[in-house]
Structures are given as structure tokens and as C-alpha cells.
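Below you'll find the structure, written out as C-alpha cells, and then a few comments.
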Amino acid sequence: NLTKKLDSIFKKIRGKGLLTDKNIDEALREVRLALLEADVHFKVAKSFIEGVREKAVGKEILEGLAPGQQVVKIVWKELSRLMGEEGKTIALSSQPPTLIMLVGLQGSGKTTTVGKLARRFKREGKRVLLVAGDLQRPAAVSQLQTLGKGLDVPVMDPGTNKDPVIVMEKGVKQGRKEGFDVVIFDTAGRLQVDEALMAELVQMKSGISPDEILFVADAMTGQTAVDVARKFHEDLGLTGIILTKTEGDARGGALLSIRSVTGAPIKFIGTGEKLEDLEPFHPDRMASRILG
Amino acid sequence: FFGRATIDADMLDHLEELLIGADLGVEVTERFLRDLKPCVERKEVSDLVSLKKKLKKFMVSILEKERSEMPFSVSPKVTLFVGVNGVGKTTTIGKRAQKLKEEGGRIVLAAGDTFRAGAGEQLALWGERVGVEVIRHRPGADPAAVAFDAVSAGLARKSDHVLIDTAGRLQTKNNLMAELKKMVRVLEKAMPGAPHEKILVLDATTGQNALSQAKLFNEAIGITGIILTKLDGTGRGGIVIPIVETLSVPVTDIGVGEGADDLIPFHVESFVDALFE
Ligand SMILES: Nc1nc2c(ncn2[C@@H]2O[C@H](COP(=O)(O)OP(=O)(O)OP(=O)(O)O)[C@@H](O)[C@H]2O)c(=O)[nH]1
Ligand SMILES: Nc1nc2c(ncn2[C@@H]2O[C@H](COP(=O)(O)OP(=O)(O)OP(=O)(O)O)[C@@H](O)[C@H]2O)c(=O)[nH]1
Ligand SMILES: [Mg+2]
Ligand SMILES: [Mg+2]
């Protein structure tokens with residue numbers, strides 16, 4: 001693993017001295033390799049490495065710390081800083097209902113995550129309404145209705161409405177009228193390069209003025225995570241990220257890429273297919289799996 | 001490294017970023033760049049354009065090596081679709097059914113995902129859209145039983161194809177992989193030789209984890225082909241290069257959209273060209 005590699009690199013440096021450009025170069029190459037293998041975007045990895053180099057070069061090798069350990073410490077600190085703080089969950093609006101909209105690529109886990117969030121809020125004693133805003137995927141509404149039924153949480157029926165923007169607006173009205181605490185909106189998956197569908201999301205945002213726009217991203221996403229997240233963020237202003245399918249062996253470097261282009265906090269992680277499989281985000285755990 | 005004015009470090013960095021950015025992965029990228037060295041020394045390449053051409057040749061030779069055209073005259077031909085969650089298995093089955101129907105085939109679909117909310121309904125709607133029969137049991141039923149019934153139905157009706165949908169599953173979940181192995185055993189009972197095709201569906205937005213997916217699904221049931229979906233997005237799917245190389249399994253088709261016609265045969269040259277865009 002990375003720590004062992006760095007230790008062996010720095011074994012060659014004996015005694016006190018400064019961490020020099022040269023002995024750091026080799027270590028940073030190993031770190032860069034680890035990040036790329038973890039799916040961190042190459043530009044994000046590059047700027048991360050430069051940040052570490054700045055903080056490491058010219059530093060005194062601290063008493064009692066092996067040089068390798070010191071570099072690792074700096075890498076760790078920088079990574080945790082990039083990941084953001086833990087436990088930033090969803091704050092409820094002072095003016096209920098809190099409106100939460102989920103967006104993202106096809107198949108990332110939005111509909112399931114709507115169910116997971118619903119279960120979480122319900123267990124906190126909140127009254128939740130779900131809005132089936134995906135009118136395009138076959139049986140998407142049925143999928144959400146099944147999840148709602150299982151939780152005994154109402155799902156607004158889009159009826160014969162063909163326009164998802166109108167469905168979302170109706171969802172807000174119903175949420176307010178019937179005194180719900182939280183309204184969660186499911187949307188259809190879409191490509192960030194699909195101009196019409198991205199415009200539709202912007203329309204939805206202006207139509208419902210959500211308190212939260214959460215980007216649902218798959219932990220196994222590769223280099224393209226940067227392009228996807230950047231566009232969703234530019235168009236909508238994301239207020240949070242939920243990373244799904246984290247219980248597998250995907251290293252999850254996409255998270256670093258997404259964080260660096262959006263700055264949005266990670267609200268939760270998906271850890272399974274059941275509705276109970278939603279957990280708060282622990283940056284140190286995520287950092288260690290990215291570094292390998 | 002190359003010692004020529006026209007090919008410099010910047011050029012190599014640019015190529016490295018291109019390949020890494022297309023999700024080829026560090027190992028294959030570094031190997032390709034190393035393999036360029038003798039070509040440069042022998043003066044076979046002298047600038048960026050010819051470097052790219054050489055790289056494309058490396059990729060094409062890997063991807064073309066495994067095209068095995070099996071003349072399958074078994075009936076019904078049973079195809080199992082597997083993969084992790086959300087990659088596009090169900091949609092791909094709908095598309096494949098559409099294509100086979102247009103070619104005049106008689107098709108049966110099996111709703112082998114009895115776990116996820118709305119899974120049966122989703123495939124049923126595809127069956128309606130394309131005009132093919134879907135074998136479905138109630139939610140929570142044994143997926144292997146659905147598969148068995150579908151193959152029995154296919155045999156009885158003298159269908160040409162049985163396409164079997166399965167629930168998405170992470171390759172590291174041993175109990176779910178065991179469920180898949182059981183389905184394969186049951187299919188063999190329903191019809192010796194079935195499933196004739198075991199297709200791993202991969203999402204083009206996926207990074208290095210696709211390697212683990214391919215490895216573990218292959219170890220569990222033996223993959224005969226790969227379908228790469230969502231190539232209409234910005235994911236390049238370069239990861240199939242190390243996968244095809246290590247698994248010796250071809251990419252057969254690609255998904256380029258959410259509609260019934262959005263499944264096209266995998267064309268090596270166009271795929272490799274697209275990696276460089
Ligand atoms: N293993 C695992 N699977 C998950 C997780 N979250 C969602 N899934 C699965 O991922 C698949 C896709 O989930 P959906 O909720 O349908 O995804 P979606 O984003 O709504 O998809 P579209 O509406 O088509 O864009 C399903 O099989 C889910 O069960 C998770 O945290 N872990
Ligand atoms: N843009 C695009 N979307 C696709 C493609 N293939 C599938 N999708 C979409 O991806 C999402 C997931 O597709 P599904 O067919 O439900 O995926 P799945 O693998 O069956 O998912 P699970 O059964 O939940 O594991 C849907 O929104 C599909 O419309 C493709 O080639 N391009
Ligand atoms: Mg959905
Ligand atoms: Mg499916």
C-alpha cells in the first residue's frame with residue numbers, strides 16, 4: 001500500500017535535514033499513481049500533488065518522525081481538507097416544507113436515494129412527501145411508488161401530466177398545502193451534455209426554488225466525473241453531494257474530483273441497495289480508501 | 001527519453017493525459033508510452049500525429065484480437081445479462097430485443113430481477129414497447145425459477161432467443177455472486193448448454209473499478225461478451241482495453257442512448273478514434 005511505498009522511499013534519508021525537492025519527487029510520484037489508480041482526475045491529482053509539494057519542501061524533518069511519515073502526514077492533511085468536513089447533513093428550512101431535489105447521471109442511484117432520505121426523515125418524525133419527477137424512464141414512477149408504499153410515505157401521482165416541471169411545481173403546492181415537513185423530488189437521469197435536459201433542470205429549479213440540490217454520483221465514476229460535476233454545478237449550483245455504491249471496492253477518487261470542481265459538501269454516502277443503507281460521510285475513511 | 005526535438009516531454013505528457021483521461025488506466029498508458037520508444041528510435045514516428053496513429057494501432061490490435069464470430073445455430077439461444085447496479089442491463093435487453101425482433105426473431109424476455117422496486121414493471125414495459133413476451137414472477141421470487149420458466153417457455157414456443165435480465169449486484173458481494181452461479185446451474189438444467197451467451201454490461205462512465213467487475217464476474221460465471229453503455233455521454237470507456245486484453249472477451253455492442261434503437265455493433269476503429277477526441 002501507499003504508506004509502505006513511501007516508507008521504503010524515505011528509508012534512504014537518514015538523520016536530520018530538510019525534505020528536499022528530490023526526495024519528495026519520488027514520494028509524490030507514488031502518491032500521484034495511487035490517486036490516478038483511484039480514479040481521481042489527472043488535473044485534480046496534479047494540483048493536489050503540487051499543493052503537497054509546496055507544504056513539504058524545505059520543511060525540517062521533525063523530531064521523531066521518519067521523513068516518509070512526515071510526507072504522508074501532509075498528504076493526509078491535504079486530502080482531508082479537500083474532502084471537507086464530516087457530518088454535514090441536511091438542515092431543515094425554518095419555513096417548511098424543506099424542498100430537496102436530486103439530480104445526476106442515468107443510473108447513479110437517485111430514485112433509491114430519494115427512498116433512503118425519506119426513510120431517514122420519517123424516522124426523525126418528519127412528514128415526508130415524495131414527488132416522482134421522472135416521467136421518461138419506463139416504470140420510474142412505479143419504482144418510486146413502490147418505495148413510498150414500503151415506507152408508508154406518500155408519493156405524489158403525476159397523473160396524466162407530461163411535463164416534469166409542472167409535476168414538480170404541483171409537488172411544491174401539495175407539500176405546502178398539506179403541511180409536509182420535507183418534499184423530496186426525484187428527477188430523470190440525464191447527460192450533462194444534453195442541453196435540453198439540463199435546461200429542463202434549470203427550469204425545475206426556478207419553478208420550485210429548492211432548499212437543496214443534491215448531486216447523486218456513483219462511487220465508481222472515472223475521469224469523466226470532473227466534466228459531469230462541473231456542468232451540473234455551473235447550471236444549478238449544487239448544495240450537496242451524495243456518493244452511492246460505496247460499499248463495493250471502488251476506490252472513489254471521483255469524490256475528490258467532484259469536490260474540487262464544486263466545493264459542495266458531501267451530505268451522505270450510499271452503502272447498499274436497501275433503504276436503510278444511507279450513512280453520514282466520514283472524510284478520513286474515504287481518504288484512506290482513495291489513497292489505497 | 002526520446003532524444004528528438006520534435007518529440008518532447010510535453011508531447012508525451014499530452015498523450016499520457018489523453019489516455020489517462022479516457023480511463024485506460026495507468027498501467028496500460030505507461031506500457032503504451034514505453035512501447036512507443038523503439039518506434040521513435042527506429043524513426044517510424046516523428047511527430048504528434050504519427051505518435052497518435054501508432055497508439056491507435058496498439059489499441060486496435062488489442063480490441064480486434066478477440067472478435068470471435070460464433071455461428072450459433074442453437075434454438076432458443078439463451079443470453080444472460082449481468083453487471084453491477086445501474087449500468088443499463090434492463091435497457092440493453094429492451095434494445096437487443098428490438099433489434100432481434102426487427103430481424104424476424106421470436107423472443108422471450110425473463111424478468112430475472114425480482115429484488116429491485118419497479119424492475120419487473122420496467123422490463124414488462126420494454127416487452128410491450130417492442131412487442132415480445134416477458135416471463136415474470138411476483139417480487140421476491142427466486143430469480144433462477146424465472147430464468148428456468150423463461151427457457152422452458154422458449155423451448156416450448158420454439159423461440160429464437162431468450163434474454164434474461166438479472167438484478168444489479170456489486171461484484172464483491174459473495175452471496176449475490178453465488179445467486180448468479182446458481183442461476184447459471186439452473187439454466188443448464190433447463191437446457192444443456194444454456195446460457196449460450198453471458199454478457200457483462202459495463203457503463204462507459206466507470207473508471208478502474210470496471211477491471212474488478214470484469215475479473216470477478218468472469219471468475220464467477222465466465223463472460224462471453226461485453227456491452228459498453230452510455231457512450232453518448234462523456235465517459236470514453238477506455239477501460240475496456242485492459243479488460244479485453246486480460247479477459248480475452250470481445251466488446252460486442254455499445255449503448256448510445258436511452259431509446260430502443262440506441263444499441264449499435266461495436267466498431268473497433270471508430271471506438272479508438274473517439275478515445276482521442
Ligand atoms: N450497491 C448499491 N446499489 C445502489 C446504491 N444506491 C442505489 N443502488 C442501486 O443502483 C441501481 C440504480 O438505482 P436507481 O435509484 O434506479 O438510479 P437512478 O439514478 O434513479 O437511475 P435513473 O433514474 O435511471 O437515472 C439500483 O439497482 C439501485 O438498487 C448503493 O448505495 N449501493
Ligand atoms: N444515455 C444513456 N443512458 C442509458 C444507456 N443505457 C441505459 N441508460 C439509462 O441508464 C439508466 C439505468 O438503466 P437500467 O437499464 O435500469 O440499468 P440496470 O443495469 O438494469 O439497473 P439495475 O437493474 O438497477 O441494476 C436508465 O435511465 C437508462 O435509460 C445508454 O446507452 N445511454
Ligand atoms: Mg431514477
Ligand atoms: Mg435492471
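Letters go in sequence order (proteins before strands), and every chain restarts at 1. In what follows, every heavy atom counts, from backbone to side chain, and hydrogens, waters and symmetry copies are set aside.
In this structure, no portion of A:Val226 lies under 4.5 Å from any heavy atom of chain B. Both the backbone and the side chain of A:Glu247 come within less than 4.5 Å of a heavy atom in chain B. Residue B:Arg236: no heavy atom, backbone or side chain, is found under 4.5 Å from chain A. At a 4.5 Å heavy-atom cutoff, the contact between B:Glu258 and chain A is made by side-chain atoms alone. Neither the backbone nor the side chain of B:Leu211 comes within contact range of chain A; no heavy atoms are under 4.5 Å apart. For B:Glu27, no part sits under 4.5 Å from any heavy atom of chain A, backbone or side chain. Contacts of A:Arg32 with chain B are made by side-chain atoms alone, with heavy-atom separations under 4.5 Å and no backbone atom involved. For A:Lys149, no part lies near chain B; criterion is any non-hydrogen pair under 4.5 Å. At a 4.5 Å heavy-atom cutoff, the contact between A:Arg137 and chain B is made by side-chain atoms alone. Contact of B:Glu30 with chain A is not made at all, since no heavy-atom distance falls under 4.5 Å. Only the side chain of A:Leu105 comes within less than 4.5 Å of a heavy atom of chain B; its backbone N, CA, C and O stay farther away.
Among residues two or more places apart in sequence or in another chain, the salt bridge (charged side-chain N to carboxylate O under 4.0 Å, His left out) test is passed with A:Arg29 by none.
Considering only heavy-atom pairs separated by less than 4.5 Å from chain A, the leading option among B:Val87, B:Leu170, B:Asn85 is B:Asn85. The candidate from B:Thr172, B:Val84, B:Asp23 with the greatest count of non-hydrogen atom pairs under 4.5 Å with chain A is B:Asp23. The greatest number of non-hydrogen atom pairs below 4.5 Å with chain A, out of B:Gly21, B:Ala124, B:Gly233, is found for B:Gly21. Ranking A:Thr221, A:Leu191, A:Asp249 against chain B, the residue ahead of the rest is A:Asp249, based on heavy-atom pairs under 4.5 Å. Residue with the most contacts toward chain B among A:Gln192, A:Gln145, A:His41, A:Met220: A:Met220 (heavy-atom pairs, distance under 4.5 Å). With chain B as the partner, the residue from A:Gln223, A:Glu37, A:Lys46 showing the most heavy-atom pairs under 4.5 Å is A:Gln223. Contacts with chain A were tallied for B:Arg116, B:Glu17, B:Glu121, B:Arg129; B:Glu17 has the most, counting heavy-atom pairs under 4.5 Å.
Distance alone, capped at 3.5 Å, is enough to place a donor-acceptor pair between the B:Thr206 side chain and the B:Asp203 backbone.
Judged purely by distance below 3.5 Å, without hydrogens or angles, the side chains of B:Thr205 and A:Thr224 never pair a donor atom with an acceptor atom. Of the N and O atoms on the side chains of A:Asp227 and B:Thr234, not one donor lies less than 3.5 Å from an acceptor on the other residue.
Residue pairs that meet the salt bridge (charged side-chain N to carboxylate O under 4.0 Å, His left out) test with at least one member in residues 86-98 of chain B, sequence neighbours left out, are B:Arg96-B:Asp253.
Annotation for B:Lys52: atom NZ counts as buried by contact number, over 12 foreign heavy atoms lying within 6.0 Å. Within 6.0 Å of the CZ atom in A:Arg285, the count of heavy atoms belonging to other residues, nucleotides or ligands does not exceed 12. Other residues, nucleotides and ligands contribute at most 12 non-hydrogen atoms within 6.0 Å of the NZ atom of A:Lys43.
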Checking A:Gln136 against A:Arg190 for the side-chain hydrogen bond (donor to acceptor under 3.5 Å, both in side chains) test, could you report, in this order, the C-alpha distance in whole Å, the side-chain angles of both residues, the deciding distance, and whether it holds?
CA-CA 10 Å; A:Gln136 96 97 8; A:Arg190 66 205 63 215; over 6 Å; no
Assess the residue pair A:Met286 and A:Phe281 against the criterion (side chain to side chain contact (heavy atoms under 4.5 Å, CB included)); give the C-alpha distance rounded to whole Å, side-chain angles, the decisive distance to 0.1 Å, and a yes or no.
CA-CA 8 Å; A:Met286 206 61 219; A:Phe281 169 65; 3.7 Å; yes
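A cation-pi contact, defined as under 6.0 Å to the ring centre and within 45° of the axis, links B:Lys56 to B:Phe276.
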